[in-house]
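For reference, positions follow the sequence shown, starting with 1. Because only heavy atoms are used, hydrogens play no part in the values below, and waters and symmetry mates are left out as well, while side chains stay in. Computed from a predicted model, the values in this text were never measured in an experiment.
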Amino acid sequence: MATITTRTIWGSRSKLFTALAGATTVGFGTAGALYLWENNTKGKLNKNSPNPRNSLKFFAAASPAQLASVYNDKTEKDFQEVYNAIAQKVQDEDDADDGAGRYGLLCRLAWHSSGTYDKNKKTGGSYNGSMIYAPESLDPENAGLDAGRDFLNEFHYEFPWISRGDLWTLGGVVAIQEAGGPKIKWRPGRVDCSKAEKEKIPENGNLPDASQESGAYVRKIFGRLGFDDRETVALIGAHALGKCHTYRSGYDGPWGPSPNMFTNDFFVRLLQKWHIRQWDGKRQYQDDETNSFMMLPTDMVLKEDNKFLKYVKLYAADQDLFFADFSKAFTKLLENGIEFAKDTPYYEFKTLEEQE
């Protein structure tokens, strides 16, 4: 039977349970994690807190088949509850990261957990929830995504039946929709692999390298994922959310003035005038008008390659068109390489605002 470990904390969001989560993933084991819990809580729980002994023991000994089976009685209502819990925490931290919030972080986590897919080798993607294991966890393009996984850790505990792959991709759906973006069709069915299943953990090099400045490179990366030029441009439009940090990626700054809102602003701004930023960091571009916003080298490729440029112009002129195309492409990205159970339904979740 395969051994599956998971990182779990509960809703207190305390350092204690972050430590407990780390203990279960770095080999400290279930017994050690339970020791930390017992020692720091004296075994006391509030009336709404389930006992961590149960979920920790289950995940430490579960096989993929057992994990898949826990979805048998789950409905759209159950997954809407997970969505709502993530969305509420995102809303609570709306002012984090100097106003950027957690939208870009969660969108990037969903993207990168899925973007390792190789259609030729039929490997990678979000199915196995493998980003917690080396070498994927050490991929330079995943720098900083431990913060996204840590943000979602408590929901592994609150909803112990959901897999890592499903939780991470659902977090991306939350980020896009709660930031005012389009509805994203999503369905569950990803099954976490164990550290021992090395053939399921993708090597480094599959994720986009933002320093590249050729259309051929961008097409190669997105073509391996199964995307054409139109889908490629649409997906990169997610750079409307969030911003870069030098201590993570080596790049710095937001793409626009509203990094917590999903709009077509990325394309509108890209068509404006830019220059190479003079600084000590990686090569990136800065807007001529304010010197406040940035573009990555791979972003500028979309403007300089005529085949990409026509879609940039389409999306800059029509946000509804961008939303429609992005929604379909993002769902496709999240599902690359996944074998869903027969008749697995798609869910389209209501935002917190729609439920008021």
Quick one: does [X]'s side chain have a donor or acceptor within less than 3.5 Å of a partner on [Y]'s backbone?
{"X": "T344", "Y": "F340", "value": "no"}
{"X": "K303", "Y": "L270", "value": "yes"}
{"X": "S327", "Y": "A324", "value": "no"}
{"X": "S258", "Y": "N260", "value": "no"}
{"X": "D150", "Y": "A147", "value": "no"}
{"X": "D305", "Y": "G215", "value": "no"}
{"X": "D166", "Y": "G189", "value": "yes"}
{"X": "Q319", "Y": "N264", "value": "yes"}
{"X": "E93", "Y": "G101", "value": "no"}

message: Tell me every residue that passes side-chain contact (heavy atoms from CB on, under 4.5 Å) with T351, counting only those two or more places apart in sequence or in another chain.
response: Y83, Q177, E178, K183, E353, E354
Tell me whether [X] forms a cation-pi arrangement with [Y], defined as NZ or CZ under 6.0 Å from the six-membered ring centre and within 45 degrees of its axis.
{"X": "R190", "Y": "Y127", "result": "no"}
{"X": "R269", "Y": "F293", "result": "yes"}
{"X": "R219", "Y": "F308", "result": "yes"}

[atom1]/[X] to [atom2]/[Y] distance, rounded to the nearest 0.5 angstrom?
{"X": "D73", "Y": "D78", "atom1": "CG", "atom2": "CG", "result": "7.0 Å"}
{"X": "F267", "Y": "L309", "atom1": "CZ", "atom2": "CG", "result": "11.5 Å"}
{"X": "T169", "Y": "W186", "atom1": "OG1", "atom2": "CH2", "result": "5.5 Å"}
{"X": "M295", "Y": "H275", "atom1": "CE", "atom2": "NE2", "result": "13.0 Å"}
{"X": "D287", "Y": "R277", "atom1": "CG", "atom2": "CZ", "result": "11.0 Å"}

Exercise: do [X] and [Y] side chains pair donor with acceptor under 3.5 Å:
{"X": "H112", "Y": "D139", "result": "no"}
{"X": "Y311", "Y": "D325", "result": "no"}
{"X": "D209", "Y": "S211", "result": "yes"}
{"X": "D299", "Y": "H239", "result": "yes"}
{"X": "N84", "Y": "Q355", "result": "yes"}

task: Under the side chain to side chain contact (heavy atoms under 4.5 Å, CB included) rule, what do M261 and L241 come out as? Steps first, then yes or no, please.
output: CA-CA 6 Å; M261 296 177 63; L241 292 179; 5.7 Å; no
message: Could you walk me through whether Q212 and V218 satisfy the side chain to side chain contact (heavy atoms under 4.5 Å, CB included) test, starting with their C-alpha distance in whole Å, then the side-chain angles of each, then the deciding distance to 0.1 Å, before giving a yes or no?
response: CA-CA 8 Å; Q212 300 296 315; V218 174; over 6 Å; no
Is the shortest side-chain N to carboxylate O distance from [X] to [Y] below 4.0 Å?
{"X": "K243", "Y": "D97", "result": "yes"}
{"X": "R164", "Y": "D192", "result": "yes"}
{"X": "E348", "Y": "K185", "result": "no"}

task: Could you please spell out the steps behind the side chain to side chain contact (heavy atoms under 4.5 Å, CB included) verdict for Q286 and I276?
output: CA-CA 6 Å; Q286 193 171 55; I276 297 173; over 6 Å; no
- line: Sorted by chain and residue number, the salt bridge (charged side-chain N to carboxylate O under 4.0 Å, His left out) partners of E231 (sequence neighbours excluded) come out as K332
field: Single hit among F222, W168, Y117, F326 for ring-ring contact (aromatic ring centres under 6.0 Å, His included) with W111
entry: F222
- request: Please determine which of F322, F330, W255 meets the ring-ring contact (aromatic ring centres under 6.0 Å, His included) test together with F262.
  value: F322
message: Please determine whether the number of non-hydrogen atoms from other residues, nucleotides or ligands lying under 6.0 Å from atom CD of E339 exceeds 12.
response: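 Open.
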task: Just do the salt bridge (charged side-chain N to carboxylate O under 4.0 Å, His left out) check on K310 and D229 with the steps written out, would you?
output: CA-CA 10 Å; K310 68 178 181 180; D229 284 359; over 6 Å; no
- request: Before giving the answer on side chain to side chain contact (heavy atoms under 4.5 Å, CB included), spell out for F151 and K89 the whole-Å C-alpha distance, their side-chain angles and the decisive distance to 0.1 Å.
  value: CA-CA 9 Å; F151 179 91; K89 185 176 180 182; 3.5 Å; yes
